[in-house]
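Structure first, then comments.
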Amino acid sequence: MKRVFTLLEKTWLGTPIWFTWQKTSGNYLAVTGADHIVKIFDRHGQQRSEINLSGNCVAMDWDKDGDILAVIAEKSSYIYLWDANTNKTSQLDSGMRDQMSFLLWSKFGSFLAVGTVKGNLLIYNRQTSRKIPVLGKHTKRITCGCWNAENMLALGGEDKMITVSNQEGDTIRQTPVRSEPSDMQFSMMKTDDRTSAAESTISVVVGKKTLFLFNLSEPDNPIDLEFQQQYGNIVCYSCIKIHDLADLKDMYAIINLDDENKGLGTLSWTEDGQLLALSTQSGSLHVFLTKLPILGDACSTRIAYLTSLLEVTVANPVEGELPVTVSVHVEPNFVAVGLYHLAVGMNNRAWFYVLEENAVKKLKDMEYLGTVASICLHSDYAAALFEGKVQLHLIESEVLDAQEERETRLFPAVDDKCRILCHALTSDFLIYGTDTGVIQYFYIEDWQFVNDYRHPVGVKKIFPDPNGTRLVFIDEKSEGFVYCPVKDATYEIPDFPPTIKGVLWENWPVDKGVFIAYDDDKVYTYVFHKDTIQGSKVILAGGTKVPFSHKPLLLYNGELTCQTQSGKINNIYLSTHSFLESLKDMGTNERRQMLTQTLMLKRFPDAWEVCKILNDHAAWNELARACLYHMEVEFAIRVYRTIGNVGMVMSLEQIKGIEDCHLLAGHLAMFTSDFNLAQDLYLASSCPVAALEMRRDLQHWDSALQLAKRLAPDQIPFISKEYAIQLEFTGDYVNALAHYEKGITGDNKEHDEVCLAGIAQMSIRMGDIRRGVSQALKHPSRVLKRDCGAILENMKQFSEAAQLYEKGLYYDKAASVYIRCKNWAKVGELLPHVSSPKIHLQFAKAKEADGRYKEAVVAYENAKQWNSVIRIYLDHLNNPEKAVRIVRETQSLDGAKMVARFFLQLGDYGSAIQFLVMSKCNNEAFTLAQQHNKMEIYVDVIGSGDTTNEDYQSIALYFEGEKRHFQAGKFFLLCGQYARALKHFLKCPNSEDNAALEMAIETVGQAKDDVLTSQLIDHLMGESDGMPKDAKYLFRLYMALKQYREAARTAIIIAREEQSAGNYRNAHDVLFSMYAELKAQKIKIPSEMATNLMILHSYILVKIHVKNGDHMKGARMLIRVANNISKFPSHIVPILTSTVIECHRAGLKNSAFSFAATLMRPEYRNKIDAKYKKKIEAMVRRPDTSETEEATTPCPFCEFLLPECELLCPGCKNNIPYCIATGRHMLKDDWTVCPHCDFPALYSEFKRMLNTERTCPMCSERLNLAQLKKISDYTQYLQTEVEQ
């Protein structure tokens, strides 16, 4: 609330003042004090006139229109009348002789009532200047009174009477009261009679204590409302709202007058509620502005609005410019703002101002040819609407060097009989709407009309968007439309309230299609969707309540700037844009609502952010569908790529470059499953055939056929065929047949064959069997014959079905149908082609029943019914050989039983036993074998089959009774009774000793029983019978028991015995096999075993080297053997002789001499072969000590150089692995192993050996060059496996 002015007249100070506002407009305020003057001020505090009185003012009142102020004063019989229009005062002689005390104008008409101190009344009709004096209306001073709407006058006086008179002064009612009346008012009292709406009740304060209610309709029933004494006197009364001072939320403003210390006087409002006048006890008057006319305008994001009666503020809240206040010369009726100008005005006059950077400069004022209803500005031009016309003119004509005719123009033209009701100005166009429904676009650049639109009814208001390319207009039916001049198309705005006062377009560049429509209570947000698959349309996005008396001025990114009655602006956020707030604090449901808002407003980037927070597949899909609906293909691809919908991404990538909007929209409508819309769009596009293709893909054959008639008649046969296939599938055979017949082209063989096949099948299904069968027989397709045959078979038409099956080469099916109709002759013809065992079986049974056993047996064989085949061979054809062969081939249990029974009848017990076992009848076979002493046969048979422990035990007990220990032990072993088995094996006579010992060792090995083991060892050592057995059996026992260390020791003993006997290869093989077994079990090799194996292997290598003519290698190995000659006691002299000869041949003369000298010892000399004796003696007599020095090679452990045949490294004291091909120590860069025994060899030497040899010298397995691989990582072979 703003103070407009304060009146402090010296002549009023210290005395109460009295004032009254001009009625209706409130432009003038009449004030009087104790100075005998009534002063008249305008609403801005400027004194406009004054009335000099003869004495103090008694009463003053404005007439109902505010044109005349009437004043009466003391000591005067004149009534002073001041005319507000002419600013002149006149005096009216009342003709009353006594002092006037009361004055009041009527509510209707121009009647003035004047009362006197003696109770007389004067009624003056200003319109006719007639005066009606009424004497004696009251007997004393008239003090109060009031008029009602029917011009009835109620008066009260000091005579304690209330009178009611008409406008002629005639008394209609009168009633006495208990005390002096005051503050009289007419009002309507609510009664049960709802038809009575007149002001027929008088309320009056009586004696300042009681409220008296007098109803003219019920004069005999007045109401007295008495108040308690504690409340004091009644000052005034009215219908008021009670406020709790503790709760001031309904308070508009609280005003403190700090200067006033004597108290307040009276309050009075102007009728429009804009100004409040307040008098004080000290004689001052304060006038406050409580509400302003809501005048404002916007151009782009600049707004101008009235902030006081003579003040306009220009602001640009979006750009952040500081508000500029403009003082104007008049209280304006209209305000307009442009890009660079401001216009204010009233009546037919406007003042223009230039908006500079931080200041405002008055430009000019302009008069128009009529009262201006509204004015619009843009950059250079202004357009004013007055009296049905619009004047377009330059704002600054001297600035623009404009042609004269472009300075101003009046619309409409003289010959155009219409009135302009609304107009708007954009950067390019003047747009106006007329009462005849025409919307005209005038292009300022070309100074001519460029577009017009004719609406059925008058256009009341228009609101173009910032570019002028879209327009909202409201017609005289209060319906709203969006008009697009580019397409010359209108779109009705849905749910458009008839109370709408105005429309604002969104100024944020991104939201081009958003606008709001507002009335007094609510703002409705609409969105114009220009490009959707359903075409352009307007939707209602939502509504937002606005506070009281808020007028929207500017919409920017969902923020609505409103002007208020107090001259301020207030920002409101639209509920449809609540997604612009923080989404993080919201729940899931609220976020889904935000997503719906963003999609309505086409705010896809915002929707993307909402979906990211929701992280919900359904939300992403909703966004994607909205993108498709709005034809935002690129954004839809982005969304579908995010959710991994590859199919949609690929489909959209294929269509995104299409420029034909209808075709693109058709594709998108199809993707959203709106197929009817898609069809309409396709048909409107440059590629209408797409509609046909879509219907075909969807299998909407009826629609496809209709489209094909228009678009592609040549496709009708193909569509008919597809339709027929679908109809056949659904069982509509009649229509399927018709469409198959329509589908025949005559020139497309493959297609026609399908149609003819369909005709054949449908004919059969329709009962036209002859036509169908004929068609099927002529048709080349085997499958058709099969399908038609199946249909006929279901229809019980067996002969025709069989005929078709046979023609189609479906012999199994044909034979099956021939069997159903008992046509055995036909079945027999087809049998060679039939593969189904079931049919052969049926045929076989039929032939057996006829006694034709040979044909039956062949059929049974084809049917794989082997039991029946065996039965016929035995019972009817007397051919047991064939039966036996089949039983052996098929392993048939039932067949074996039949054959066993057959042989039993013949007395062939051996064969019977064999077939009983085959048929799993082991008990019967065993009994038969016992009875007829055929147990050996039973044993032979049962050993080859699946036999239980019980069977083995039965056999073992039988042999035990027969004292056949070996067989008894064997079968006790098989049934797991190891102690009994061992007992029988040890009882075996010597002839069976070897085999029995082997079995005994196997038994103990399986039993793993210490008692049985020690029992067998005692037997092998000879402790039971005093005859020790061969050590090889003990070795085998240890191996069976997996006691590898004991086995190794035994193996060494056996090898030593073999070696002593001269069986060096046997000894080598025993040691090698034991070596391999220990290595496999990861047990350390005894050093004695490893050394003996090395020496024996060196001896074996001698023969290979000598045979290959490599005497040096042979000599070196012989030297190694000769150095250990004690291990070869059987062949000392031959080995030493060979050593001397080979050393001599290899040039090792000193070594030859050394071993020759050994041979000359007495114990060996006579055993030397006569061939070599003289030669050796000569060597000893004439010694030659020359010796070829042995080559040295590095140790693989430490690189120490040592003789190549030396196996112990002097450097690192390691035993070096030896080469199995040469006997030399291994070299790290020439390493290989035998793939069979894994013993190492020098790669180069082993290769050379394999040129002449075909086996490994260590394991004797066959070997070729390709199997050898050179090894680079030899370290694993250096890890010692031998006990140190």
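As the structure is a computational prediction, the values presented were derived from the model and not from experiment. Heavy-atom basis, side chains included; hydrogens, waters and symmetry copies ignored.
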Can Arg641 and Glu653 be said to form a salt bridge (Lys or Arg N to Asp or Glu O under 4.0 Å), step by step?
CA-CA 11 Å; Arg641 189 170 281 134; Glu653 286 283 359; 3.0 Å; yes
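- Within the 3.5 Å criterion, the main-chain N or O of Ser575 finds a donor-acceptor partner in the side chain of Gln597.
- A donor-acceptor contact under 3.5 angstrom links the side chains of Lys460 and Ser478, judged on distance only.
- With contacts defined as side-chain heavy-atom distances shorter than 4.5 Å, the pair Leu580/Asn557 qualifies.
- Take Asp495 and apply the side-chain hydrogen bond (donor to acceptor under 3.5 Å, both in side chains) test, not counting sequence neighbours, and it matches no residue.
- Legend: residues meeting side-chain contact (heavy atoms from CB on, under 4.5 Å) with Gln715, ordered by chain and number and at least two apart, are Arg696, Ala712, Phe718, Ile719.
- Atom NE2 of His378 and atom OG1 of Thr426 lie 6.0 Å apart (nearest 0.5 Å).
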| field | Check against side-chain contact (heavy atoms from CB on, under 4.5 Å), Phe473 and Thr490 | value | CA-CA 10 Å; Phe473 69 87; Thr490 55; 4.1 Å; yes
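- Not counting sequence neighbours, the partners of Ser536 by the side-chain contact (heavy atoms from CB on, under 4.5 Å) test are Lys487, Tyr491, Phe528, Lys530.
- Ala336 approaches Leu377 most closely through the heavy-atom pair O-CD1, 3.7 Å.
- Side-chain atoms of Ser703 and Gln679 include no donor-acceptor pair closer than 3.5 Å.
- Between the Ser300 side chain and the Arg302 main chain, no donor and acceptor come within less than 3.5 Å of each other.
- The shortest heavy-atom contact between Pro317 and Leu554 is CG-CD2, 4.0 Å.
- Residues Asp511 and Tyr556 have side chains that never bring a donor and an acceptor to within less than 3.5 angstrom of each other.
- Taking the charged nitrogens against the carboxylate oxygens, Asp452 and Arg454 do have a contact shorter than 4.0 Å, which makes a salt bridge.
- Considering CG of Asp519 and CD1 of Ile500, their distance stands at 5.0 Å, rounded to 0.5 Å.
- Environment of NZ in Lys721: crowded, with over 12 heavy atoms of neighbouring residues, nucleotides or ligands closer than 6.0 Å.
- Residues Val546 and Asp520 approach most closely at CG2-O, 3.9 Å, considering heavy atoms.
- Between Arg470 and Lys512, the closest side-chain pair of non-hydrogen atoms falls below 4.5 Å.
- Applying the side-chain hydrogen bond (donor to acceptor under 3.5 Å, both in side chains) test to every pair with at least one member in residues 660-671, sequence neighbours left out, gives these pairs: Asp660-Ser686, His667-Tyr682.
- With 3.5 Å as the limit, one finds a donor-acceptor pair spanning the side chains of Tyr483 and Asp488.
- Relative ring orientation between Phe579 and His577 is described as parallel, the plane-to-plane angle staying below 30° on a 0-90° scale split at 30° and 60°.
- A donor-acceptor pair under 3.5 Å is formed between the side chain of His423 and the backbone N or O of Ala383.
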| field | Worked verdict on Asp521 versus Lys545 for salt bridge (Lys or Arg N to Asp or Glu O under 4.0 Å) | value | CA-CA 6 Å; Asp521 303 317; Lys545 281 201 173 290; over 6 Å; no
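- Residues Tyr740 and Ser720 have side chains not in contact (no heavy-atom distance under 4.5 Å, counting atoms from C-beta outward).
- The line from CG of Leu392 to CD1 of Ile444 is 5.5 Å long, rounded to the nearest 0.5 Å.
- The distance from the OH atom of Tyr432 to the CG atom of Leu421 is 12.0 Å, given to the nearest 0.5 Å.
- For Phe411 and Phe449, the ring centers are positioned less than 6.0 Å apart.
- A pairwise comparison of heavy atoms in Ala424 and Pro464 identifies CB-CD, 3.4 Å as the closest pair.
- With a 4.5 Å cut-off on side-chain heavy atoms, Val503 and Ile516 do not count as touching.
- Checked against a 6.0 Å centroid threshold, the rings of Trp620 and Tyr640 do not count as neighbours.
- Considering Tyr443, Trp447, Tyr381 in turn, Tyr443 is the only one that fulfils the ring-ring contact (aromatic ring centres under 6.0 Å, His included) rule with Phe429.
- In terms of heavy-atom proximity, Leu711 sits nearest to Pro688 at CD1-O, 3.5 Å.
- Counting only heavy atoms from C-beta outward, the side chains of Val472 and Trp505 approach each other to under 4.5 Å.
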Would you sort out whether Ile474 and Phe481 count as a side-chain contact (heavy atoms from CB on, under 4.5 Å), showing the intermediate values? CA-CA 7 Å; Ile474 303 172; Phe481 299 86; over 6 Å; no
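- Atoms CE and CG, from Met670 and Leu628 in turn, are 11.5 Å apart once rounded to the nearest 0.5 Å.
- The side-chain heavy atoms of His550 and Gln563, taken from C-beta on, include no pair separated by under 4.5 Å.
- Scanning for side-chain contact (heavy atoms from CB on, under 4.5 Å) contacts around Val689 gives Glu693, with sequence neighbours left out.
- Distance alone, capped at 3.5 Å, is enough to place a donor-acceptor pair between the Glu506 side chain and the Gly558 backbone.
- Side-chain atoms of Thr301 and Asn316 form a donor-acceptor pair, as typed in the model, at a separation below 3.5 Å.
- No donor-acceptor pair under 3.5 Å is formed between the side chain of Thr532 and the backbone N or O of His529.
- Phe515 pairs with exactly one of Tyr526, Tyr524, Phe463 by the ring-ring contact (aromatic ring centres under 6.0 Å, His included) rule, that one being Tyr526.
- Aromatic ring orientation, His700 versus Phe675: perpendicular (interplanar angle above 60°, classes split at 30° and 60°).
- One finds the CZ atom of Arg638 at 9.0 Å from the CG atom of Leu623 (value rounded to the nearest 0.5 Å).
- Judged by distance alone, with hydrogens and angles left aside, the side-chain atoms of Asp465 form a donor-acceptor pair with the main-chain N or O of Thr469 at under 3.5 Å.
- Annotation for Leu553 and Asp297: closest pair CD2-N, 3.6 Å, computed over non-hydrogen atoms.
- Side-chain atoms of Gln440 and Ile431, non-hydrogen and from C-beta on, never get closer than 4.5 Å to each other.
- Residues satisfying the side-chain contact (heavy atoms from CB on, under 4.5 Å) test with Pro456, not counting sequence neighbours, are none.
- Separation of the Phe635 and His630 ring centroids does not fall under the 6.0 Å cut-off.
- With Lys461 contributing its side chain and Lys501 its backbone, the two residues share a donor-acceptor pair below 3.5 Å.
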Intermediate values then yes/no, side-chain contact (heavy atoms from CB on, under 4.5 Å), Gln534 and Tyr629: CA-CA 8 Å; Gln534 294 179 352; Tyr629 177 78; 3.3 Å; yes
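- Looking at Leu595 and Arg591, their side chains never come closer than 4.5 Å, going by heavy atoms from C-beta outward.
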Inset, instruction - I would like to know whether Leu668 and Leu652 meet side-chain contact (heavy atoms from CB on, under 4.5 Å); could you show each step before the answer? - result: CA-CA 9 Å; Leu668 297 175; Leu652 292 170; 3.8 Å; yes
